[in-house]
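Here the structure is laid out as C-alpha cells; the discussion comes afterwards.
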There are 2 protein chains.
Amino acid sequence: MSKKQQILETAIQLFAEYGIEATSIQHITKSTGISKGAFYLSFASKEDLIKEIIDTFMKQFVADIDRVVNTPLLADEKLQNYFSAHLNLLEKHADFAKMYAQEQMYSINEEILEKLMYYDALIDRSLLSLFQELFPLQTEQQAIDLLVSIKGLIRIYSQLILFHPYPHDTTRIVEVLVEKTMLLGEHSKTFYLTMEMVKLPVTSESQLPTTSQIHVVIEELQKERHPELIEETFEVLREELQREHPRQAVLQGLYGHLIAYTPTKWLSYLVKQIDTKKDA
Amino acid sequence: MSKKQQILETAIQLFAEYGIEATSIQHITKSTGISKGAFYLSFASKEDLIKEIIDTFMKQFVADIDRVVNTPLLADEKLQNYFSAHLNLLEKHADFAKMYAQEQMYSINEEILEKLMYYDALIDRSLLSLFQELFPLQTEQQAIDLLVSIKGLIRIYSQLILFHPYPHDTTRIVEVLVEKTMLLGEHSKTFYLTMEMVKLPVTSESQLPTTSQIHVVIEELQKERHPELIEETFEVLREELQREHPRQAVLQGLYGHLIAYTPTKWLSYLVKQIDTKKDA
DNA sequence: TTGACGTTTGACCAACTGGTCATTAGTATA
DNA sequence: TATACTAATGACCAGTTGGTCAAACGTCAA
C-alpha cells in the first residue's frame, strides 16, 4: 500500500473517532508512523487531505448507487437493492460515514461543502429517477417530498447503525425502509417542498461529462499499474470515444469491466452518463 | 441584561455561524465587547459555557413540549400542536438549533453528549406517550419504530428550514408531518428497532424529581428578582411540598404560573412530574 | 481626600496549530 | 567507490488556543 494510502486510512480513522477539527496533522503523522514532512509530500494541506478523502469515497458511492438503480429489474426490486447497497456501503466504510456525517452538518470550508452537495445531488438524482419509476403518476413536487422524507429516514437509521454497537440485521432494516417508502409514496396527499427549495443543481445536462473530461480521468488512472483487462479497456475506450457516435454496445461492455474494479468505478459512472446522453 | 446573558447570546450566534470548535474565547469576548478576564468571571471555561447554553435552552424546550403533549385535547390535535411547537421553537431559537445540530453529531465532550442525550430522551418520552395515545393498539416496538421515523422526518425538515433562507409556511409543514405520522403509525407492518437499541434511559421512575431537588432549583431561582406573582408562587410551592401528599389542585395552579414565565419553565416541568407521580 | 473593595483589564503563559525547508538517509546508476 | 537522485526527517516558524493574574480602574464611605 502506498504511503498516501496509508495516510488516508489513518486519517479517516482519526477523523471518525475524534472529529476533523480536533485531529491535527501531527496526530495523523504520528499514528501513521511518518514525519510531518512526509505528509506534505503526499498532500498539499489538511484541506487537500479532506477533499481527497471525500472524492475517493463519494465517487465510489455514486457509481455503486447508480449501477443498482440502473440495473434492468422491476422497480421495487431496485428499491430494495438501493437500500441494501446504501446500508452495505455504510457498514463497509463506517469510518468514512461517520466523518461524512459531521462534515455534512458543519463543513469547515465552503468549497468542501459544495463538493459534498455535488455528490449528494448525484445520489439524489438516482433516487429520484427510481421514485419516478416506482410511482409514475407522481408530480415533481410529490417526488421531491418523498425524496426528502426517505433521506431523513435513511439518515436516522444510518446514525443508529453507525453509533450503536449492535449486530444489525440489515435485510430487516431494508424491509422496513421499503415498506415505509411504499406507504409514503402511495398514500401521501399533502406536500410542502418544491424543486428549488432542495436545489438539485445537477439535473441540467450541462453537468454531463464530456469526452475530454473522460480522457483526463483515464490519463490520471494510467499513472498507476492496473490489471491487464483494465489497461486494455482504457485503450478500447479511448478509441471508441474518437468516433462521432460511440457505439452503446461497446460502451456497455466496457462499463461492465470498469464498475467491477474499485479504482475505475467513477470512470464507469462517467462512461454510463455519456452513454445515456447519446441515448436521449 | 446581565453580562453573563450578553456573553451567552453572542456565543450562541458565533457558535451557530462558525461552529463551536472554530469559535475561540477571544472571538467571543471581542464580539461581546469585554475582556478575556471578564469572560472567566462569568464562566469557568469554554466547556462550562457550552453546558450552560444547552441547559438554558433544552430545559425550556422540554417544558414547552411536555406542556403541549399533556394539555387535555384530542390526541390528533396534540400531535398537530406538538409539531407546531417544535417548529416554532426552531424558528425562534434558530441559532441555538444550529449549534445543537452540530453538537449532536459530534460532541466535543462525553459529558456534554450525555447531557444532550438526557434532554433528548425527555422529549422522546413525551412523543412516545403521545403515540401511545394516538395508536392505542401499538406494541412497544411499533411505537419505538414510529418514534425514530418521525424524529428522522423532523430532523431533515428542520435542517431545510434552518439552513434554507426561505419564508417557510410552518402550518403547511405541520400538515405534511401529521399526515406522514398517521400514515406510518396506522399502516406500518414491519419493524426493526427495539427499546434497548434506542436506549431511552429516562423511562424508569428513578429519574423522577424529588422534592428536595425542587427546593434546590427554587433556591437557585431566588437569587434573582422575579415578578410578584412568581415570588409568591415559590412560597406557596415550598409550603405545599412540606405536606405528606401535596394537593394536585394546588400544584396545577402553581404549574400554570410557572410555565408562563420563561425562567421558571423548567421548574414547572419538575413540578408536573411530581404531580403525575403522586397520581399513579 | 483618603483608603478600601469589588470589577475589569490585557500582557503573559505554555501548549499546540498548520506549514516550511535545510539537512540527511537511502538507493540506483556509472 | 563516487555520483546523482529522490524520499524522508524534524527543528523551526509565526500564529492561535484556553486559561491566569498582577495591576489598574471605578465607586463608594469615612
Side-chain angles (χ1 to χ4, degrees), chain A residues 1-55 99 102-103 106-113 115 223-225, chain B residues 1-55 99 102-103 106-113 115 223-225:
Chain A
M1 182 166 37
S2 76
K3 191 131 290 183
K4 193 163 177 172
Q5 263 303 314
Q6 282 179 49
I7 299 174
L8 273 174
E9 290 191 14
T10 328
I12 294 168
Q13 271 177 38
L14 294 175
F15 285 158
E17 186 167 354
Y18 304 103
I20 295 176
E21 292 229 57
T23 304
S24 68
I25 290 182
Q26 352 247 19
H27 200 156
I28 295 168
T29 54
K30 197 162 278 178
S31 285
T32 317
I34 61 168
S35 70
K36 217 157 157 209
F39 173 89
Y40 283 93
L41 288 177
S42 293
F43 301 94
S45 63
K46 191 184 181 180
E47 195 184 311
D48 185 57
L49 165 67
I50 298 169
K51 281 194 211 162
E52 286 228 27
I53 291 176
I54 293 176
D55 278 333
M99 173 184 160
Q102 49 166 317
E103 194 60 16
Y106 231 86
S107 201
I108 55 163
N109 185 294
E110 198 62 34
E111 206 182 329
I112 290 177
L113 191 69
K115 201 180 262 299
K223 286 182 184 164
E224 286 180 27
R225 302 264 313 125
Chain B
M1 185 165 35
S2 75
K3 192 132 286 182
K4 193 163 177 172
Q5 263 303 315
Q6 282 180 48
I7 300 174
L8 273 174
E9 290 190 14
T10 327
I12 293 169
Q13 272 178 37
L14 295 174
F15 284 158
E17 185 167 356
Y18 303 105
I20 295 176
E21 291 228 56
T23 303
S24 67
I25 289 183
Q26 353 246 20
H27 202 155
I28 295 168
T29 54
K30 197 163 278 179
S31 284
T32 316
I34 59 168
S35 72
K36 220 158 156 211
F39 173 89
Y40 282 95
L41 287 177
S42 293
F43 301 95
S45 65
K46 190 183 183 181
E47 193 185 313
D48 186 55
L49 165 67
I50 297 168
K51 281 194 212 164
E52 285 225 30
I53 292 176
I54 294 177
D55 277 333
M99 172 184 162
Q102 50 167 316
E103 192 61 16
Y106 229 86
S107 200
I108 56 163
N109 182 295
E110 196 63 35
E111 206 182 329
I112 290 177
L113 192 71
K115 200 179 262 301
K223 285 182 185 163
E224 287 180 23
R225 301 264 313 127

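What you see is a predicted model, and the numbers here were worked out from it, not measured in a lab. Within every chain, numbering begins at 1; the chains are lettered A, B, ... in the order of the sequence lines, protein sequences first and strands thereafter.
- Taking atom NE2 of residue B:His27 and atom C1' of nucleotide D:dG15, one finds them 16 Å apart after rounding to whole Å.
- A side chain to side chain donor-acceptor pair (under 3.5 Å) with B:Thr10 is found for exactly one of B:Thr32, B:Thr23, B:Thr29, namely B:Thr32.
- Minimum atom distance to the side chain of A:Lys46 is reached by C:dG18, of the listed D:dA8, C:dG18, D:dG18.
- When the P atom of C:dG10 is taken as reference, atom NZ of B:Lys30 falls 11 Å away, rounded to whole Å.
- Considering only side-chain atoms of A:Tyr40, the nucleotide from D:dA8, D:dG18, C:dG18 that sits closest is C:dG18.
- Residue B:Gln26 contributes atom CD, which lies 13 Å from atom P of C:dG10 at whole-angstrom precision.
- B:Phe15 has its side chain within reach of B:Leu49: a pair of non-hydrogen atoms, C-beta onward, lies under 4.5 Å apart.
- Of the two residues near DNA chain C, A:Ser45 and B:Lys3, the one whose nearest nucleotide lies more 5' is B:Lys3.
- Expressed to the nearest 0.5 Å, how far OG of B:Ser35 lies from CD of B:Gln26 amounts to 11.5 Å.
- As a whole-Å value, the separation of A:Lys36 NZ from C:dT23 P is 19 Å.
- Atom-to-atom distance recorded for B:Glu21:CD and B:Lys46:NZ is 6.5 Å, nearest 0.5 angstrom.
- Note on B:Ser24: a side-chain N or O is less than 4.0 Å away from OP1 or OP2 of D:dT17.
- The CD1-P distance, from B:Ile28 to D:dT17, rounds to 11 Å in whole Å.
- One can place CD1 of A:Ile34 at 17 Å from C1' of C:dT24, the figure rounded to the nearest angstrom.
- Computed from coordinates, the A:Phe39 CZ to D:dG10 C1' distance equals 16 Å when rounded to whole Å.
- In this structure, A:Leu41 places its CG atom 14 Å from P of D:dG10, rounding to the nearest Å.
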